[in-house]
K.L.:
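Encoded as structure tokens, here's the structure I'll be asking about.
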Amino acid sequence: MSPARRDEEKANVHEISKRFTVEAAHHLPRVPDGHPCRRLHGHSYVIELGLRGELDESGWVRDFAEIGAAFEPVRLRLDHRLLNDVDGLANPTSEVLAQWVFEAVVPALPELAWVRIEETRSSGCVYRRDG
Ligand SMILES: Nc1nc2c(c(=O)[nH]1)N=C([C@H](O)[C@H](O)COP(=O)(O)OP(=O)(O)OP(=O)(O)O)CN2
Ligand SMILES: [Zn+2]
């Protein structure tokens with residue numbers, strides 16, 4: 001495909017997103033002694049899923065309700081948990097969590113383009129996969 005055609009196709013997509021809130025505890029075992037995040041503490045994580053795609057006959061990329069349904073089993077694995085106990089989250093930084101959520105959700109939502117984690121009101125991470 002020519003670069004011009006690729007640009008044209010890229011421009012002809014929509015991006016939609018849906019946000020969820022998850023209450024969870026964590027600690028970061030790899031930070032230096034004395035770092036506050038070594039201590040057990042909790043966050044009201046905001047997890048946002050971004051999907052990119054063309055519009056179908058309904059005029060949407062994907063029904064927002066389907067995004068909620070696809071995320072629900074993942075939410076249940078995280079909500080009111082100690083994240084360090086969850087398989088794959090022994091070191092649950094925002095970066096690790098964003099990639100973990102991406103891998104957990106993408107089989108059900110192949111249009112998934114990115115996952116944003118907001119750990120606090122001021123700090124967060126986006127994991128993006130181009131494709
Ligand atoms: N790159 C990363 N840095 C930090 C992470 C992380 O996941 N990735 N995580 C933490 C801690 O979990 C901490 O709870 C959040 O950090 P921070 O934003 O520093 O929290 P504060 O509430 O203290 O921030 P202020 O907005 O400055 O009050 C640390 N770093
Ligand atoms: Zn934290």
Side-chain angles (χ1 to χ4, degrees):
M1 187 188 302
S2 74
R5 178 83 181 113
R6 199 174 305 121
D7 285 350
E8 195 181 313
E9 289 211 346
K10 267 190 190 163
N12 197 22
V13 297
H14 289 70
E15 209 166 270
I16 61 171
S17 63
K18 190 165 177 67
R19 291 159 68 89
F20 305 89
T21 304
V22 164
E23 310 294 336
H26 78 160
H27 60 94
L28 300 183
R30 297 194 199 167
V31 298
D33 277 343
H35 192 295
C37 296
R38 254 191 106 97
R39 299 195 293 268
L40 182 63
H41 62 282
H43 296 289
S44 295
Y45 288 93
V46 175
I47 301 178
E48 186 172 11
L49 308 181
L51 279 68
R52 192 182 308 130
E54 293 175 13
L55 306 192
D56 67 12
E57 57 283 356
S58 299
W60 57 38
V61 174
R62 171 81 77 152
D63 187 344
F64 289 126
E66 287 182 38
I67 303 174
F71 185 69
E72 181 59 12
V74 179
R75 193 189 66 77
L76 291 173
R77 291 177 68 186
L78 301 174
D79 193 46
H80 286 76
R81 309 272 181 196
L82 174 58
L83 295 184
N84 304 69
D85 288 346
V86 176
D87 198 22
L89 291 177
N91 182 38
T93 63
S94 291
E95 292 88 334
V96 169
L97 180 59
Q99 184 167 356
W100 185 94
V101 169
F102 192 101
E103 305 295 355
V105 172
V106 73
L109 296 174
E111 313 94 326
L112 189 66
W114 50 265
V115 172
R116 177 190 302 278
I117 302 291
E118 289 175 19
E119 191 162 302
T120 70
R121 290 164 68 97
S122 62
S123 306
C125 168
V126 179
Y127 177 77
R128 197 184 307 279
R129 191 172 292 174
D130 290 326

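These numbers come from the heavy atoms of this one structure, side chains and all, not from hydrogens, waters or symmetry mates. When a ligand or atom number is given, it counts from 1 through the structure's own listing order.
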K.L.:
Just to be sure I'm reading this right: ignoring hydrogens, which of Thr120, Val96, Asn91 gets closest to atom 20 (O) of ligand 1? Compare them by their nearest heavy atoms.
P.N.:
Thr120
K.L.:
Tell me the protein heavy atom at minimum distance from atom 12 (O) of ligand 1, and give that distance in Å.
P.N.:
Glu119 OE2, 2.3 Å
K.L.:
Please tell me whether His26 and His41 have a donor and an acceptor in their side chains that are separated by less than 3.5 angstrom.
P.N.:
yes
K.L.:
Can a donor-acceptor pair be found, under 3.5 Å and without considering hydrogens, that links the side chain of Asn84 to the backbone of His27?
P.N.:
yes
K.L.:
Report the nearest protein non-hydrogen atom to atom 24 (O) of ligand 1: residue, atom name, distance rounded to 0.1 Å.
P.N.:
Ser122 OG, 4.2 Å
K.L.:
Side chain, backbone, both or neither: which applies to Leu28 and ligand 1 if a contact is any heavy-atom pair less than 4.0 Å apart?
P.N.:
side chain
K.L.:
Please confirm whether Arg121 comes under 4.0 Å of ligand 1, counting heavy atoms of the residue only.
P.N.:
no
K.L.:
For Cys37, does its backbone N or O pair with a side-chain atom of His35 as donor and acceptor, under 3.5 Å?
P.N.:
yes
K.L.:
Running the 4.5 Å side-chain criterion over Ile, Leu, Val, Met, Phe, Trp and Tyr, what cluster does Leu76 land in, apart from itself?
P.N.:
none
K.L.:
Between Ser94 and ligand 1, which residue portion shows a heavy-atom distance shorter than 4.0 Å: side chain, backbone, both, or neither?
P.N.:
both
K.L.:
Heavy atoms of the protein only: does one fall short of 4.0 Å from atom 26 (O) of ligand 1?
P.N.:
yes
K.L.:
Name the one of Val96, Leu112, Leu49, Val106 that satisfies side-chain contact (heavy atoms from CB on, under 4.5 Å) with Val101?
P.N.:
Leu49
K.L.:
Report the member of His35, His43, Arg38, His26 with the shortest heavy-atom distance to atom 14 (O) of ligand 1.
P.N.:
His43
K.L.:
With 2.8 Å as the limit, jot down which protein N, O or S atoms are around the Zn ion (ligand 2).
P.N.:
His26 NE2, His41 NE2, His43 NE2
K.L.:
Taking all atoms of both residues into account, what is the closest heavy-atom pair of Ile67 and Phe20, and its distance?
P.N.:
O-CZ, 4.1 Å
K.L.:
Of Asn91, Val86, Asp85, Thr93, which meets side-chain contact (heavy atoms from CB on, under 4.5 Å) against Leu89?
P.N.:
Val86
K.L.:
Pull out every atom of ligand 1 sitting under 4.0 Å from any heavy atom of Thr93, numbered as shown with elements.
P.N.:
7 (O)
K.L.:
Starting from atom 8 (N) of ligand 1, find the nearest protein heavy-atom neighbour and note its residue, name and distance.
P.N.:
Glu95 OE1, 2.8 Å
K.L.:
Among protein heavy atoms, which lies nearest atom 13 (C) of ligand 1, and at what distance?
P.N.:
Cys37 SG, 3.0 Å
K.L.:
Any pair with a residue in residues 72-84 that passes salt bridge (charged side-chain N to carboxylate O under 4.0 Å, His left out), sequence neighbours left out, goes on the list, sorted by first then second residue, please.
P.N.:
Glu72-Arg75, Arg75-Asp79
K.L.:
Of the non-hydrogen atoms in Ser44 and Thr21, which two are nearest, and what is the gap between them?
P.N.:
CB-CG2, 4.4 Å
K.L.:
Is a side-chain donor or acceptor of Thr120 paired with a backbone partner of Ser122 at a separation under 3.5 angstrom?
P.N.:
yes
K.L.:
Tell me, which pairs form a salt bridge (charged side-chain N to carboxylate O under 4.0 Å, His left out) where one or both residues lie in residues 101-119, sequence neighbours left out?
P.N.:
Arg19-Glu118, Glu48-Arg116, Arg62-Glu111, Glu103-Arg129
K.L.:
Checking Arg128 side chain against Trp114 main chain: does a donor-acceptor pair fall under 3.5 Å?
P.N.:
no
K.L.:
Given the protein's heavy atoms, is any one of them under 4.0 Å from atom 3 (N) of ligand 1?
P.N.:
no
K.L.:
Nearest protein heavy-atom contact for atom 19 (O) of ligand 1: which residue, which atom, what distance?
P.N.:
Ser123 OG, 4.7 Å
